[in-house]
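Written below as structure tokens is the structure these notes are about.
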Amino acid sequence: MKYVTEYRDAELVRGVIDEIANTVTRDWTLMEICGGQTHAIVRHGIDQLLPDEIELVHGPGCPVCVTPLEQIDRALAIAAKPDVIFCSYGDMLRVPGSVDDLFSIRANGGDVRVIYSPLDAVNIAKENPDKEVVFFAIGFETTAPANVMSVLSAEMMGLKNYSIIVSHVRVPPALHVILGSPHNRVQGFLLAGHVCAVMGYWEYPEIAKQYDIPMAITGFEPLDIVQGILANVKQLEAGRVDIENSYPRAVTFDGNKAAQKAIEKVFRECDRKWRGIGTIPMSGWELRLEYDAFNAEKRFDVGEIKTDESPLCIAGEILQGLKKPNDCSAFGKECTPENPLGATMVSTEGACAAYYKYGRG
Amino acid sequence: MCLGVPGKIIEIDDSKALKMAKVDFGGIVREACLEYVPEAQIGDYTVIHVGFAISILSEEDALASLAALKEIVDLEDELGIGYSGKSADL
Ligand code: SF4
């Protein structure tokens with residue numbers, strides 16, 4: 001068992017798609033939450049192989065896409081400071097702020113470094129005691145355990161020159177926004193497998209019940225994805241509402257308790273603005289007051305942030321499943337990966353980037 | 001960022017403040033932190049996110065769900081109800 005090849009078996013995928021086609025009797029709209037899944041779906045052509053009755057819309061699970069513009073502008077202002085080493089996941093580098101991006105800060109002499117793990121940023125802080133090392137801690141529940149461990153580890157090492165800009169968001173509050181909208185079209189969810197690997201899925205039965213909507217916890221390989229779709233379609237056709245675990249090899253009901261405990265120790269829930277969507281109550285995490293010393297937003301005064309968002313960009317509607325990338329008038333015209341108007345066009349988890357890369361224009 | 005690739009633990013280092021491991025991703029070996037999966041053993045497959053193992057993959061569950069899917073697909077073949085309106089090119 002290698003856990004990859006087995007889940008790319010074309011014949012088995014085809015067989016499950018056949019089963020979906022044999023089960024479906026009417027139109028259903030499903031949403032995959034996670035942008036990683038969006039890319040897998042479009043790359044493997046799963047959207048095109050499914051019977052016409054099934055439409056997939058793409059969810060908000062793209063951390064880079066939903067990080068609010070003012071937070072990016074704030075990060076850029078900090079990154080441009082002379083004695084700062086700014087560390088970020090690679091995905092963030094080309095995301096347009098109001099005027100700049102991290103790439104152009106770097107081109108203008110800023111010390112911007114792409115890291116693989118937040119522990120790399122802690123090591124950089126240790127090796128550069130005369131510099132301020134700032135890490136842009138973005139993400140959903142999946143990256144939170146790593147990001148909080150960087151703080152705990154810096155604390156353990158007694159580092160005084162390490163801080164993070166926190167822009168963490170959580171999936172369940174976003175589901176309330178999507179499902180509570182009068183324009184909602186989503187009838188079933190593929191839940192993000194790795195968010196659930198960390199958090200478990202005890203938060204979802206209540207949401208499923210409240211909105212009468214089936215869900216399936218779904219992995220990332222083609223076979224995982226079609227399995228999640230089949231689980232949704234079977235429930236919809238039978239009029240059942242359940243949370244099915246279609247990714248049991250990685251996800252348990254309780255999730256990773258050790259990770260949840262660490263998150264709880266360092267972060268507390270807060271209202272958070274999502275780019276293009278707006279503020280969602282208690283949808284984010286921020287540092288607890290005890291960890292204020294690691295809060296880059298408090299350590300660096302960057303003055304007032306005035307944002308300037310492209311009026312053409314409809315990414316907010318795309319991220320809520322109300323529109324698709326090719327509904328955007330700027331898609332492939334004013335907005336391309338080389339000249340992006342929104343984060344959704346440059347993130348490796350952005351729906352616009354997936355549609356552009358795999359020719360769904 | 002959320003893709004998280006499965007990798008095989010090939011070495012565990014308990015000697016530092018954080019429990020670390022070497023993880024093999026189909027030939028590419030990287031370091032990963034095991035603090036959140038303290039029960040991990042050499043030979044286990046784990047899902048790694050930004051340098052942290054967040055879950056150990058269960059072989060038993062993996063085999064069971066593959067078997068269940070194969071059964072659905074075989075049954076379809078036997079009954080001759082395969083739908084092949086669109087051809088998969090994966
Ligand atoms: S194509 Fe560009 S402008 Fe249009 S929604 Fe996507 S990111 Fe925004």
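Because only heavy atoms are used, hydrogens play no part in the values below, and waters and symmetry mates are left out as well, while side chains stay in. In what follows, chains are A, B, ... by sequence order, proteins preceding strands, each numbered from 1. Keep in mind it's a predicted model, so treat the numbers as computed, not measured.
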A:R249 NZ/CZ over A:Y3 ring centroid, <6.0 Å and within 45° of normal: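 Judged by the rule, A:R249 and A:Y3 form no cation-pi pair.
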Considering all heavy atoms, the nearest A:V198-A:I263 contact: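 In this case the closest contact between A:V198 and A:I263 is CG1-CD1, 4.2 Å.
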Which bit of [X] is near chain A, if near means a heavy-atom gap under 4.5 Å: side chain, backbone, both or neither?
{"X": "B:F52", "result": "side chain"}
{"X": "B:I54", "result": "both"}
{"X": "B:E60", "result": "neither"}

Chain B contacts, top residue of A:S347, A:A259, A:A197 (heavy-atom pairs, under 4.5 Å):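 Heavy-atom pairs under 4.5 Å are most numerous for A:A259.
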Pairs of heavy atoms under 4.5 Å with chain B: top-ranked of A:S117, A:G90, A:C62, A:G255: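 Among A:S117, A:G90, A:C62, A:G255, the one with the most close pairs to chain B is A:S117.
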Aromatic ring proximity B:Y45/B:F25, centre distance under 6.0 Å: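 No - the distance between ring centres of B:Y45 and B:F25 does not fall below the 6.0 Å cut-off.
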Presence of salt bridge, A:D47 and A:R360, under 4.0 angstrom: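 Between A:D47 and A:R360 there is a salt bridge, with a charged N closer than 4.0 Å to a carboxylate O.
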Heavy-atom distance under 4.5 Å to chain B: side chain of [X], backbone, both or neither?
{"X": "A:V16", "answer": "both"}
{"X": "A:I20", "answer": "neither"}
{"X": "A:M149", "answer": "both"}

Distance, nearest 0.5 Å, that separates CZ of A:R14 from CG of A:L12: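 Going from the CZ atom of A:R14 to the CG atom of A:L12 covers 10.5 Å.
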A:Y89 side chain reached by A:F135 side chain, heavy atoms, under 4.5 Å: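 Answer yes - side chains close enough.
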Residue pair A:Y247 / A:H194, side-chain donor-acceptor N/O under 3.5 Å: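 A donor-acceptor contact under 3.5 Å links the two side chains.
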Leading residue by heavy atom contact count with chain A [cutoff under 4.5 Å; candidates B:E59, B:E31, B:K70, B:R30]: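 Top count of heavy-atom pairs under 4.5 Å with chain A: B:R30.
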